[in-house]
Amino acid sequence: MSPTVPDKPSLDGLERKWIERWEADGTYRFDRTASRDRVYAIDTPPPTVSGSLHIGHIFSYTHTDTIARFQRMRGREVFYPMGWDDNGLPTERRVQNYYGVRCDASLPYDPDFTPPENLTSSDRPVPVSRPNFVELCHRLTATDEKTFEAVWRHLGLSVDWTMTYATIDERSQRASQRSFLRLLDKGIAYQSEAPTLWDVDFQTAVAQAELEDRDEAGAYHRLVFAGHDGAAVEIDTTRPELLAACVALVAHPEDDRYRPLFGGTVTTPLFGVEVPVVAHALADPDKGTGIAMVCTFGDLTDVIWWRELGLPVRAILERNGRVRQDASVRFGDGGQAVWDELRGKTVKQARARTVELLRDSGDLIGEPEAITHAVKFFEKGSRPLEIVTSRQWFFRTLDHTDALLARGAELSWHPPYMQARYESWVRGLNSDWLVSRQRFFGVPLPLWYPIRPDGAVDHAHPLRPDEGRLPVDPSTDVPDGYQPDQRDRPGGFAGDPDVMDTWATSSLTPQIAGAWVDDPDLFARVFPMDLRPQAHDIIRTWLFSTVVRSHFENDCLPWAHAAISGFVLDPDRKKMSKSKGNVVTPLPLLEEYGADAVRHWASSGRPGVDTAVDAGQLKVGRRLTIKVLNASKFVLSRLGDTQAPAQPTAVSAPLDRAMLSRLADVVDEATTAFEGYDYARALERTEAFFWAFCDDYLELVKSRAYGSRGDDEAASANRALALALSAIVRLFAPFLPYVTDEVWSWWNEGSVHRAPWPEPAPLRAAAGDGEPLVLDVAAAVLGEVRKAKTSAHTSMRAEVDRVVVRDTAARLDALAQAAADVGDAGRVSDVVTEEAEEFSVDVTLAG
RNA sequence: GGGCGCUUAGCUCAGCUGGCAAGAGCACCGCCCUUACAAGGCGGCGGUCGGGGGUUCGAGUCCCUCAGCGCCCACCA
């Protein structure tokens, strides 16, 4: 094919052109007839669509895309779907704000409902039924997904856009519910009425994986408990408002100060309740006064003491975080009056009032001592978590930590040290995986419960659907053997009101994308997958939970490799956050620098390494893409001028052979790097070669390629240029998909992204005995000539009378093989050599 | 408290299994309209590779130790 090169190559319009072409040609379409060994399957992270795309998304998805493109060029059929994580709390919050509504599950469905218009921030949210609310969630996520897809296409992700899924769609719900029921059969899923961490604003239970410690201002309050015979016991507490929930005092069994009290009782201040003094090894003699107040429940240590010491429950907080109206406690003298003061108050208010009362009664010793301490929060929450007792569903993980650690060791981690995070998480697990949530927009737990004749719900005997009925919504669907009018009636049934945690569904992305059970043929071709790409912050959630599900469901790892990306930091290397206002949005960058340049920046961030947004680096990428365009134009213009020989010309000139030999090494290095998931190294090697190729080789060979040394010499140069350009464009293709496909199209049929990845062997064959030293010495001498011209303030076109090169015999031999090219490139009339120990050059300019 | 990572030119970072007379880009300074490229090219300035020990013919590269920064984990009255 004779090259067709534009006169003035430009980046303008390239992105639109190639986005359309790739779509029309189905360039990235997955061929599902490919056998498993030819398939490379990627478990793409489904981005949360309830928000805007973040530069961090651009960063890590680009990493994945370079690997996808490399594998495709290596001949693998790449299974590269895209999911949308639209299920869960973030969507609920966005829908509430966007439409100005609030879900009220007690309302009936209103088929004519339309959301309020012309919202102002002062409008109170409109209550809507759960089905109406879910409709709005679907409506908004559908438009959000379109926006996201447009950005991904702009970035040039080689996703197969015919294969998308959403974590709330029917297929995901079916997979999620099916897996839940199977885990129920295996005894992995179980329900339990137990104290769990609870967010009082979102009014839902929260799992260990969603916790976040935050440093909060607090205070130690020293309180006096009355012992027998007028003795007093002092304790320190940060939560005096829980005094009414106190069920015991606890100290270390070896603590001589308190040993005499064990087995006896003391009386709480204010409330006058008698509580036991008990011993437990977890009590730390060095903390506070060495003896602690156990409340139901102030923190997770309280839960342990309560459980292991068989203490009673005195719960005083409602699920909304306020003190209950009725205490389940019999108080001593005056206790009821104190309670009356506190009930209905928030934790904060109750704390303040309690302290006042304690001070008045003389039970507070000294003043509270201000401290800063870590407090557990729901990662999306704004108030500290409380602990309340509720019925929840769990998946057993604690019994399986050894197996899960073994799975972690089986997985190939890139970079390897990320495995340590997984291990420390698994080793630190302290509860089973809590999967039920008291929310609305999620996959429902596929269960109902019989209602006994006395009206009590019989949670111990859940009613389950056959798998063929899935997905089901127990709030509208009816269990087999029941009629709709038996819902919530004695002798009838009740639907489980809860939904599953978002991770309970997104942990099945390999099964969902691979159409587990629904399409066994596809599933067998793509599962277990090859790659899970993701950022390091969700190792404990998404990565861990996916390993758990695959372990139980398929008895294998879900993928062979995990490629962990770092974070994107702002230009000052600070973590980005909305509150700091330093979040960089990707679209302006894509528009200013172009997708290839943005991808170039992203690809320069090495696996797992946090990387700063860097305008300089983006400019470099922009410059590189323009350089690729221009260098290609030059090379192809040479090919166009030369009569294409029937047989490819041999590469005869030593300089050409040297360049090809060096290039073959680069191909080797880039290939090895990519195989090890180090896309950044592959890029760095390619780029370094390319700039040297342009600055040195092209300049050295230009004159000869134009025919200054005759046709045979020109043919060698042009053959080498053609081989090099073809390889270079393909090496860059995973990083710079737009400019490479543009350039490739100038002299090739078909997309470069379906072209074979370059092989070193043909380059080595063409290079023959090529000695890279020839290129090195020639470039070094040319550099000295340029330096001389620069310091003489003359043009690079200035003629040079004479150049004397002193160097070792070996290097002078190498130079001799390229002396004519050096002379032409430097416009040197006479190149003279003298053997010497050290390299040096004398340049005598003409005139 | 345990663990992981980082510390190389003013800035952002490469330097993989030890051989480097220490690299790139940006920034800075200077030169050049050179027929692929002036939204460019060429050249220059700039570092005792965080500190201290050790192994070695040889250490930015391996070992020990200390310090600073960042992150992960932890039952944090």
Side-chain angles (χ1 to χ4, degrees), chain A residues 5 8-9 11 213 215 218 220-221 235-239 249-251 282-284 287-295 298-305 371-376 415 417-430 536-537 539-540 566-567 569 571-573 575 601 604-606 608-620 622-624 626-638 669 672-673 676 678 680-681 684-685 687-688 691 694-695 698-699 702 706 782-798 825 827 838:
Chain A
V5 185
K8 195 77 181 151
L11 298 177
D213 279 355
D215 282 335
Y220 280 131
H221 304 74
I235 63 104
D236 276 334
T237 179
T238 56
R239 303 210 56 184
L249 297 189
V250 62
L282 221 56
D284 183 349
K287 225 169 250 175
T289 59
I291 185 164
M293 161 172 102
V294 182
C295 304
D299 63 26
L300 291 172
T301 316
D302 281 345
V303 177
I304 294 170
W305 281 324
I371 56 159
T372 301
H373 62 153
V375 178
K376 290 197 187 310
Y417 61 75
M418 289 294 178
Q419 188 189 343
R421 297 206 182 185
Y422 174 89
E423 293 195 344
S424 70
W425 173 252
V426 176
R427 291 185 205 283
L429 286 173
N430 58 28
H536 55 63
D537 57 328
I539 289 174
R540 68 173 182 173
F567 274 159
L569 307 172
D572 298 326
R573 290 202 62 79
K575 196 170 172 177
W601 159 75
S604 69
R606 308 185 94 77
V609 177
D610 293 349
T611 304
V613 175
D614 183 352
Q617 199 58 25
L618 286 159
K619 282 186 206 153
V620 170
R622 175 92 182 164
R623 216 165 51 122
L624 174 64
I626 294 171
K627 195 79 175 176
V628 168
L629 225 42
N630 286 313
S632 301
K633 177 189 160 189
F634 168 70
V635 170
L636 293 173
S637 71
R638 295 297 82 232
E669 285 186 88
T672 304
D678 192 350
R681 187 177 178 81
E684 192 260 323
R685 292 286 126 165
E687 201 176 339
W691 284 107
C694 290
D695 294 346
L698 284 187
E699 294 303 326
K702 190 182 280 182
Y706 273 106
L782 180 60
E784 291 299 319
V785 173
R786 284 169 175 157
K787 194 187 293 188
K789 291 181 180 179
T790 296
S791 47
H793 292 198
T794 68
S795 158
M796 288 299 141
R797 299 176 73 182
R827 299 182 177 243
E838 293 228 332

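To find a chain, count down the sequence lines: A is the first, B the second, and so on, and within it residues start at 1.
- Closest to the side chain of Trp425(A), out of rA74(B), rA77(B), rG3(B), is rA74(B).
- OP1 and OP2 of rC4(B) both lie 4.0 Å or more from every side-chain N or O belonging to Arg421(A).
- Among the atoms of the strands shown, only primed sugar atoms or phosphate atoms (P, OP1, OP2) are found under 4.0 Å from some heavy atom of Lys787(A).
- Backbone-only contact: Asn430(A) has heavy atoms under 4.0 Å from sugar-phosphate atoms and none from a base.
- Here Asp678(A) lies out of heavy-atom contact (under 4.0 Å) with every strand.
- The side chain of Arg606(A) contributes an N or O atom lying less than 4.0 Å from OP1 or OP2 of rG15(B).
- Counting non-hydrogen atoms under 4.0 angstrom, Leu282(A) reaches a base of the nucleic acid.
- When heavy atoms are screened at a 4.0 angstrom cut-off, Cys694(A) is found touching base atoms of the nucleic acid.
- Distances were taken from every side-chain heavy atom of Trp691(A) (C-beta onward) to each of rU12(B), rA77(B), rG41(B); the shortest belongs to rG41(B).
- Counting any heavy atom pair closer than 4.0 Å across all strands shown, Glu699(A) reaches a base atom.
- If you measure from atom CG of Leu569(A) to atom C1' of rU12(B), you get 12 Å, rounded to the nearest angstrom.
- Between Tyr422(A) atom OH and rG3(B) atom P the separation is 21 Å, expressed in whole Å.
- Side-chain N/O atoms of Arg797(A) and base N/O atoms of rC32(B) include no donor-acceptor pair closer than 3.5 Å.
- Distance, Lys789(A) NZ to rG30(B) C1': 18 Å, rounded to whole Å.
- No contact: Gly298(A) has no heavy atom under 4.0 Å from any strand.
- Residue Arg623(A) has no polar side-chain atom (N or O) positioned under 4.0 Å from OP1 or OP2 of rG40(B).
- Asp537(A) comes within contact range of no nucleotide atom at all, as no heavy-atom separation falls under 4.0 Å.
- Of the candidate nucleotides rA77(B), rC31(B), rC42(B), rC42(B) has the atom nearest to the side chain of Asp695(A).
- Nucleic acid contact class of Ser424(A) (heavy atoms, under 4.0 Å, all strands): sugar-phosphate only.
- Phosphate proximity of rG41(B) to Lys627(A): present, with a side-chain N or O under 4.0 Å from OP1 or OP2.
- Taking atom CG on Leu429(A) and atom C1' on rC72(B), their separation rounds to 14 Å, with Å as the unit.
- Separating the OH atom of Tyr417(A) from the P atom of rC71(B) is a distance of 14 Å, rounded to the nearest angstrom.
- At the heavy-atom level, Ala792(A) lies nowhere under 4.0 Å from the strands shown.
- Contacts of Ile291(A) with the nucleic acid, taken as non-hydrogen atoms under 4.0 Å apart, include base atoms.
- Among the nucleotides rU35(B), rA77(B), rC75(B), the one closest to any side-chain atom of His373(A) is rA77(B).
- Checking rC31(B), rU34(B), rA36(B) against the side-chain heavy atoms of Lys702(A) singles out rA36(B) as nearest.
- The side chain of Arg681(A) lies closest to rG15(B), out of rC73(B), rG43(B), rG15(B).
- Across all strands, Gly288(A) comes closer than 4.0 Å to no nucleic acid atom at all (heavy-atom distances).
- Projected onto RNA chain B by closest heavy-atom contact, Glu669(A) and Met796(A) fall at different nucleotides, the more 5' of which corresponds to Glu669(A).
- Across all strands, Glu684(A) comes closer than 4.0 Å only to sugar-phosphate atoms, never to a base (heavy-atom distances).
- Closest contact between the side chain of Val620(A) and the listed nucleotides rG25(B), rG43(B), rC42(B) involves rG25(B).
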